[in-house]
Every structure is written in structure tokens, then in C-alpha cells.
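The structure appears below as C-alpha cells.
Lettering follows sequence order; numbering is per chain, from 1. Excluded from the calculations below are hydrogen atoms, water molecules and symmetry mates; all remaining heavy atoms, backbone and side chain alike, are included. Keep in mind that what you see is a predicted model, and the values were worked out from it rather than measured.
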Amino acid sequence: MTMREYFMRRLHRLVPVLIEQVEGMPPVDPDQVTAFAREFLQAGTPAFRLLFYAMMLALQALCLLTRGRSVYSLPPEDGDAFVRYLYSSRIAALGAIPTVLGIPIFMAHYNRDDVQVRLGFDVHGMRGEAAAREVKR
Amino acid sequence: MIVKPESLPGDVRREADVVIIGSGAGGGPVAKELAESGHSVVVIEEGEHFSRQDFDFRAGDALTRLYRDAGQTVTLGLPVIVVPQGKTVGGTTTVNSGTCLRIPRHVLKRWHLEHGLKDISEDELNLLYAALEEYLFVKRADPEVAGVNNLLFLEHAGRLGYGGGFLPRNAKDCEGFGVCAYGCPSGAKQSVNVSFIPDAVAAGADVYTGCRAERILVRGGRAVGVCGRFTDPRTGKRTRRLEVRASVVVLAGGAVQTPSLLMHNRICLSSGQVGKNLSIHPCGATLALMPEVVGNPKGIPQSTYVDEFAPEGIMLEGVTVPPAVMAITLPWGGRRHAETMRDYPFIASYGSMISEHDSAGKVVAGPSARQPLTFYWLGREDLDRLKRSILLMAEIWFAAGARRVYTPIDGFKELSGIRDLKRLSRARLKRASIYGLSAYHPMGTCRMGSDPHTSVVKSTCETWEVENLFICDASVLPTSLGVNPQLTIMAMAARAAGFIDEKLESASLREETAGRLERMRARLRSEKESVARRLSGGPGSG
């Protein structure tokens with residue numbers, strides 16, 4: 001297994017920790033998030049890729065240290081509390097962990113057509129409208 | 001024509017009058033002007049070519065395909081700042097908001113006084129601006145499609161006595177689809193990919209896409225061509241080679257890539273200014289939870305402005321973002337994040353742009369020309385002005401009825417009212433306490449000036465050191481503009497195109513004269529030989 005594959009598998013399990021399912025929203029799809037993240041990281045800088053992987057390791061290490069168990073096996077409420085703890089930390093570096101990890105994860109989920117439509121951004125309608133309205137010079 | 005790498009049977013070697021590196025706000029106008037003047041023009045563009053049908057309202061996909069490094073380009077320093085740059089035909093103009101503002105008078109005055117650029121007169125620039133504005137259909141944003149978000153902010157800024165208005169934009173029949181930064185899906189935005197480049201191609205220019213210029217060929221102190229490599233967009237692997245021999249080389253890769261290319265080619269470095277003097281416009285942003293549906297991102301994302309505080313170096317400009325981008329700006333994860341995102345239809349947004357006073361930045365050569373390193377240190381004064389701009393936006397949002405305002409400041413991520421504003425106003429911020437900061441419009445890294453010891457290019461945009469090498473992008477602007485720079489970059493590029501045209505004309509005149517002289521010499525030689533033969537009584541002497 002390549003390093004990238006290793007981290008992508010971990011990412012797949014991390015998705016529900018960062019994106020919580022709330023009422024009225026389409027279900028989170030870890031496969032879609034992982035596929036998007038793979039492409040996003042590939043198109044990006046090596047520095048960001050490394051930072052991203054480092055943050056995954058840091059998240060796991062911190063969780064083991066503070067909660068005594070793997071971040072991937074936390075029940076939803078504990079996962080949410082752990083993420084909240086990191087974001088609200090006075091130490092900027094701790095807040096940076098979920099912030100960096102959230103970039104491809106959140107972007108992937110909210111990039112989905114069904115999610116955008118549910119949030120009032122009717123992408124299907126807009127696409128149809130744009131196709132019918134070609135502006136020529 | 002526009003040539004994609006996959007359509008090439010092998011390496012490309014060719015000649016042209018002009019080869020231009022980059023097809024954005026600088027390269028596009030130069031290509032059009034020179035192609036229409038009858039010169040053979042080749043444009044090399046690192047990104048891919050997309051048409052409006054490819055822009056599909058998915059911001060995440062657009063970031064991956066249209067932006068350099070999927071939008072992950074950052075400055076190193078405190079705080080880390082994201083500086084998104086386009087990498088596609090049309091450059092950043094394909095993914096900007098379309099705002100077209102002229103250079104403020106006080107900035108031009110500074111160029112005259114501090115950089116000796118008196119020959120760039122206001123009258124000349126105004127003529128260029130007027131021509132460009134007509135060509136690009138620049139007009140004030142139509143209030144009908146300005147978007148609820150922007151109108152609400154402008155109205156309540158006005159009620160507080162803060163002046164503002166509608167921004168001039170390069171859009172024709174804009175319907176306000178709200179995704180300017182991810183490729184205009186109707187073709188209304190007159191970015192370079194739908195204006196200058198098609199016109200240049202119609203006039204005979206060739207645009208090679210997916211090709212990165214790597215070497216500038218210099219012989220005897222003159223630029224004579226460019227070598228580059230094509231890249232497979234799917235695998236990122238380098239494939240075929242391109243070599244273009246040309247009389248003039250134009251560098252228009254932007255204020256980060258242009259100095260990097262010069263540094264890797266070790267040319268034009270004697271002034272010590274290449275890569276220095278980087279200025280950007282650091283931007284603050286606020287999100288506001290409103291009591292009623294705002295309906296973002298429908299409407300023009302950057303349709304209104306508040307310039308009441310422009311004398312302090314603060315411009316407030318509209319900004320709306322689709323869900324995928326808003327999601328990465330919220331300072332929470334888990335349940336809180338999901339619940340806030342569910343309120344997306346009620347969330348309004350606005351941005352601020354700071355023109356720097358005491359910040360400093362530079363671009364240095366990275367491990368490869370493709371990956372230069374950008375350093376930037378936000379100064380104390382600028383940090384305070386950034387905070388002030390966020391306070392002003394929050395004040396306006398609360399006046400508009402916001403229930404909460406979200407800011408990018410640690411400890412003040414969520415403001416609930418005037419009391420929180422006062423608390424933030426008293427706080428002394430640290431650089432690290434602002435997260436997710438972004439900045440736009442990198443400029444100044446190959447600055448123009450009248451002194452070859454302190455500048456990289458002359459006022460004609462030709463480099464001091466290498467003849468026939470011109471730089472036509474934001475890197476030549478000697479100072480921060482304080483306003484969106486695309487129109488000024490275009491104006492300076494169009495101006496430079498005039499000098500290049502003159503140069504090529506005089507070169508072809510010189511060639512013509514040299515040819516005529518050569519023919520005269522040959523005739524004289526043959527006459528001399530014939531006389532000599534006659535005198536010696538050889539054959540044909542009768």
C-alpha cells in the first residue's frame with residue numbers, strides 16, 4: 001500500500017468525525033469526499049500534501065493522548081467534542097489541525113449538486129439558464 | 001489557433017516575431033495588439049483552455065482545474081496568507097470578479113515622484129483606459145442583478161453615512177450567476193479568455209496551452225526565443241518540447257511566476273530587485289447571519305463597494321461565495337459546522353481590501369521554477385487596519401439586522417452585537433490570531449523605474465538588462481494600487497505593445513534597409529568585376 005493509499009483510507013474514516021449528519025441535509029458520502037480529496041491534493045502543492053498528512057497523524061496522536069483511543073473509533077458525540085476542543089483551543093497550532101483537514105473534506109461535501117440545491121443554490125436550474133444565455137461579443 | 005498538447009504529433013520548433021509567456025491580463029492585450037498589427041505571435045500558456053460550457057457551478061472542481069496548485073498557493077510568514085492565482089487561458093482574469101478600476105491619481109503621482117515614471121502621463125493612461133473600457137464593455141454593475149447581499153450592505157453603509165456605490169465591471173449582459181471566481185458560465189464576463197485571446201487568434205496568433213516556459217534564450221544580450229515543455233494535464237508529467245525563436249520575448253506570467261523564471265534563468269538580476277518589493281492586497285472577510293434569506297451566491301459577487309475609508313487604505317468590496325467555499329471559511333467542525341452551513345441561505349458576506357503601509361514581501365527562487373517561495377510579513381499598521389475593516393463590516397451588518405457576525409479573528413470568531421464590537425476594537429491582535437486570511441493582486445516584483453540600479457524594467461516595459469525582453473504583467477507595477485489592478489495591467493500591456501510594435505517595425509525596416517544595401521553591394525561587386533574583366537581583355541570584354 002502506498003503512503004497516499006494509507007492516508008486516503010484514514011481520510012475515509014475521518015469524514016464522519018468532521019462532517020456531522022444534521023437533519024434536512026443529504027447523507028455524507030465518504031467515498032465522494034475521498035475521491036475529491038485525492039484529486040485536490042494531487043493538483044495542489046507538495047507542501048500542502050505533506051502538511052495535510054502531518055495533520056492527520058497529529059490528530060490521531062492528540063486523540064490517543066487526550067482521549068485514550070483512536071480518533072477513527074470515537075462515537076459521534078465524542079468526535080464532535082474532540083473537534084470542538086481543537087477549534088476552540090488557545091493554541092493556534094491545535095486549531096490548525098482540523099482547519100487544514102477540513103479544507104478538502106468540507107469542500108468536497110458542499111461541492112455536491114444535491115447538497116448545494118438543499119442549501120438553496122439551484123445549480124441545475126442555473127446550469128440550464130446559463131446554457132440558454134450565451135453572451136456573444 | 002489554440003493548440004492543446006494532446007493534438008501535437010511531436011516536439012514543436014518554430015519562429016515568430018513575438019513569443020509571449022502567459023495569456024492573462026498582460027499577455028492577452030499584447031497578443032491581440034501585435035497580432036492585429038500584422039506580426040506573427042505565439043502565446044505559451046501553462047494552464048488549459050476551457051470554454052463556458054466547462055464551467056459547471058462547482059467551486060471545488062474549478063479550484064482544482066482553473067487555479068494554480070488548486071488554489072493552495074500561500075505566502076510564508078505571519079500570518080500564512082492564501083494568494084489564489086488563475087492558471088488557465090485568460091489567467092486570473094478568468095477567475096476574478098471582473099472589477100475594472102483605474103489607477104488612483106495619488107498612486108500615479110507616487111510613480112512619477114518616487115520611481116521617475118513621468119513619461120506615463122495621466123492623459124495617456126486615460127486614453128488607454130477609455131479604449132479598454134469600451135472594448136471590454138465596462139460599466140457599473142446593474143442593481144437589478146447586484147444581489148441581495150451586496151445591496152443590503154450598501155444600503156446600510158449609506159444609512160451609517162459611509163459612501164459607496166456600484167463597481168465598474170467588464171461584463172456584458174450579466175445575469176448574476178454568482179460564480180465569477182469559478183469561470184463565467186454564460187460568457188458575460190469579458191475576461192481575457194473570451195476577449196483578447198479569441199481576437200488575437202482571429203488575427204493569426206497561436207496559443208499553445210498546457211506548456212510551461214522554462215528557458216528564455218538570450219544571445220549577445222538580446223532575447224531571441226523561449227524553450228518550454230508541455231505537460232499532460234492528467235498525469236502532470238512533462239511530455240513534448242517547444243522552442244520558439246522570436247525577435248521579441250514578452251514575459252507575462254504574473255508577479256510570482258515571472259520573477260521566478262528570471263531567477264532560474266539568471267537574467268536581469270543585476271539591480272537586485274527581481275522578486276523584491278512584493279505587494280499584495282490582504283483581504284478580510286465577514287459572514288453575517290441575517291434574519292431573512294439572502295440567497296447567495298445568486299447575484300454579482302462583487303457588485304458594490306464602500307470607499308469611505310479609502311484614504312486610510314481600506315476598501316470594502318462585495319464578495320459572495322458558493323457553499324463549498326463558505327464551508328472552508330467557517331471556524332468550526334462537526335455539528336456546529338453542519339448546523340451553520342444549514343443556515344447558508346441566511347448568511348451574507350462582504351470583504352475588505354487593504355493597501356499596505358508597513359508590510360513587506362518577496363518572491364525567492366524555490367526548488368524549481370514551478371514552485372517559487374513567497375514570503376510576506378503583515379505589518380502592525382496593516383494588521384490594525386485589517387481589524388478596523390472587519391469592525392466596520394461587522395458594524396454595517398449589525399445595522400442591517402444581523403443576528404451574528406462571523407470573523408476570521410481568533411477569540412472573536414462570533415460577534416453577537418455592539419458589545420462584542422467594542423471588545424474587539426479594544427483588543428490588540430497578534431498576527432497569528434487571524435486565520436484563513438487571503439490576499440489578491442500580487443504586484444511589484446519586477447518593478448518599473450527610471451533607474452536601472454533600482455528597477456528591472458524601463459517605462460516601456462523592456463528590461464534594462466536584456467534587449468527585446470519585455471515584462472507585461474503586474475510585476476512591473478512599482479507600488480500597490482489599492483484597487484483591483486486588472487485594468488491597469490491591461491493598460492500598461494497595451495502601452496508596451498506599442499513600443500514592441502515600433503521595435504519590430506524598425507527592426508523590419510532595418511532588415512529591409514540592410515537587404516537593400518546588400519543588394520546594392522552585390523550589384524556594385526558584379527559591376528566592378530565586369531569592369532575588371534573588360535580592362536583585362538577577358539571573355540565578354542567585346
Side-chain angles (χ1 to χ4, degrees), chain A residues 17-25 28 36 39-48 76-77 79-84 86-88 90 92 95-96 98-99 101-113 115-116 118-124 126-127 129-131 133-137, chain B residues 52-53 55-61 63-65 69-74 137 171-175 177-179 184-188 190 194-195 198 236 293 295-298 322-328 330-339 341-342 344-345 371 410-411 432-433 435-436:
Chain A
V17 180
L18 278 177
I19 311 179
E20 201 164 310
Q21 188 62 50
V22 290
E23 207 189 316
M25 291 300 292
V28 181
F36 178 90
E39 203 180 318
F40 181 76
L41 292 172
Q42 183 58 34
T45 60
F48 185 80
E77 310 79 56
D80 188 44
F82 180 53
V83 169
R84 227 180 19 244
L86 292 176
Y87 271 114
S88 59
R90 286 182 161 272
T99 302
L101 294 175
I103 292 171
I105 294 177
F106 292 139
M107 193 181 282
H109 178 65
Y110 291 98
N111 199 41
R112 276 167 47 184
D113 284 358
V115 176
Q116 299 204 85
R118 195 66 65 90
L119 294 176
F121 185 30
D122 178 15
V123 286
H124 302 302
M126 301 274 259
R127 266 183 216 131
E129 214 181 306
R133 278 200 44 86
E134 182 181 4
V135 176
K136 289 209 165 110
R137 280 180 63 79
Chain B
R52 69 179 192 94
Q53 289 87 350
F55 304 140
D56 63 358
F57 294 86
R58 288 199 196 105
D61 295 352
L63 271 173
T64 309
R65 293 186 302 165
D69 298 324
Q72 297 163 16
T73 38
V74 295
F137 302 92
K172 187 186 175 212
D173 304 332
C174 175
E175 281 293 301
F177 287 114
V179 285
C184 179
S186 70
Q190 297 298 300
V194 301
S195 53
V293 169
N296 281 342
K298 188 88 174 104
V325 177
M326 184 179 289
I328 61 172
L330 290 176
W332 306 291
R335 173 155 291 274
R336 182 80 197 276
H337 185 277
E339 284 171 352
M341 279 308 295
R342 202 171 45 187
Y344 176 84
Q371 300 283 357
D410 233 0
S433 52
Y435 69 92

Work out which heavy atom in Val123(A) is nearest to a heavy atom in Phe57(B); give both atom names and the distance. CG1-CB, 3.8 Å
Approximate separation, where rounding is to 0.5 Å, of Trp332(B) CH2 and Asp80(A) CG: 13.0 Å
Per-residue contact mode, Ser433(B) against chain A (heavy atom under 4.5 angstrom): neither
What heavy-atom pair brings Ala432(B) and Ala92(A) nearest, and what distance separates the two atoms? O-CB, 4.5 Å
Beyond-backbone contact of Val135(A) with Phe137(B), side-chain heavy atoms, under 4.5 angstrom: no
Considering all heavy atoms of both residues, which atom of Pro322(B) and which atom of Phe121(A) are nearest to each other, and what is their separation? CB-CE2, 4.1 Å
Work out which heavy atom in Ala59(B) is nearest to a heavy atom in Asn111(A); give both atom names and the distance. N-OD1, 3.3 Å
Kindly compute the distance separating CE (Met25(A)) from CE (Met341(B)), expressed to the nearest 0.5 Å. 7.0 Å
Got Gln42(A) and Thr64(B) here, is their nearest side-chain heavy-atom distance under 4.5 Å? no
Beyond-backbone contact of Asp61(B) with Glu39(A), side-chain heavy atoms, under 4.5 angstrom: no
Most chain B-contacting option - heavy-atom pairs closer than 4.5 Å, from Gln116(A), His109(A), Arg90(A): Gln116(A)
Heavy-atom proximity to chain B below 4.5 Å, by part of Phe36(A): side chain
Sort out for me which of Gly24(A), Gly79(A), Ala131(A) touches chain B most, counting heavy-atom pairs under 4.5 Å. Ala131(A)
Count the heavy-atom pairs under 4.5 Å between each of Lys298(B), Arg65(B), Glu339(B), Gln53(B) and chain A, then report the option with the highest count. Lys298(B)
Let's test your reading of the structure: which of Gln190(B), Gln371(B), Arg335(B) forms the most heavy-atom pairs below 4.5 Å with chain A? Arg335(B)
Quick check against the 3.5 Å criterion: does Gln72(B) have a side-chain atom that pairs as donor or acceptor with the backbone of Ala47(A)? no
Which atoms of Glu23(A) are under 4.5 Å from chain B, going by heavy atoms: the side chain, the backbone, both sets, or neither? both
Can you confirm whether Asp56(B) sits close enough to Arg127(A) that some side-chain heavy atom of one is under 4.5 Å from a side-chain heavy atom of the other? yes
Inter-residue atom distance Arg112(A).CZ - Arg58(B).CZ, 0.5 Å rounding: 11.0 Å
With a 4.5 angstrom heavy-atom cut-off, could you sort out which part of Pro331(B) is near chain A: side chain, backbone, both or neither? backbone
Measure Val179(B) against the heavy atoms of chain A and call it side chain, backbone, both or neither at under 4.5 Å. side chain
What distance do Arg133(A) atom CZ and Glu175(B) atom CD have between them, rounded to the nearest 0.5 Å? 3.5 Å
When rounded to the nearest 0.5 Å, the distance separating CZ of Phe48(A) from CG of Asp69(B) is 11.5 Å
Tell me, out of Asp122(A), Val83(A), Leu18(A), Val22(A), who's got the most heavy-atom pairs with chain B below 4.5 Å. Val22(A)
Ignoring hydrogens, what is the shortest heavy-atom contact between Glu20(A) and Gly334(B)? Give both atom names and the distance. CB-C, 3.8 Å
Hey, mind stepping through Tyr110(A) and Met326(B) against side-chain contact (heavy atoms from CB on, under 4.5 Å) and telling me if it holds? CA-CA 9 Å; Tyr110(A) 291 98; Met326(B) 184 179 289; over 6 Å; no
Could you tell me which portion of Arg342(B) (side chain, backbone, both or neither) has an atom closer than 4.5 angstrom to a non-hydrogen atom of chain A? both
Using heavy-atom distances under 4.5 Å, tell me whether Val17(A) contacts chain B through its side chain, its backbone, both, or neither. backbone
Report yes if the side chains of Arg137(A) and Pro198(B) come closer than 4.5 Å at any heavy-atom pair, otherwise no. no
Side chain / backbone / both / neither for Arg84(A) at chain B, heavy atoms under 4.5 Å: neither
Over all heavy atoms of both residues, which pair between Lys136(A) and Lys172(B) is shortest? Give the atoms and the distance, please. O-NZ, 2.5 Å
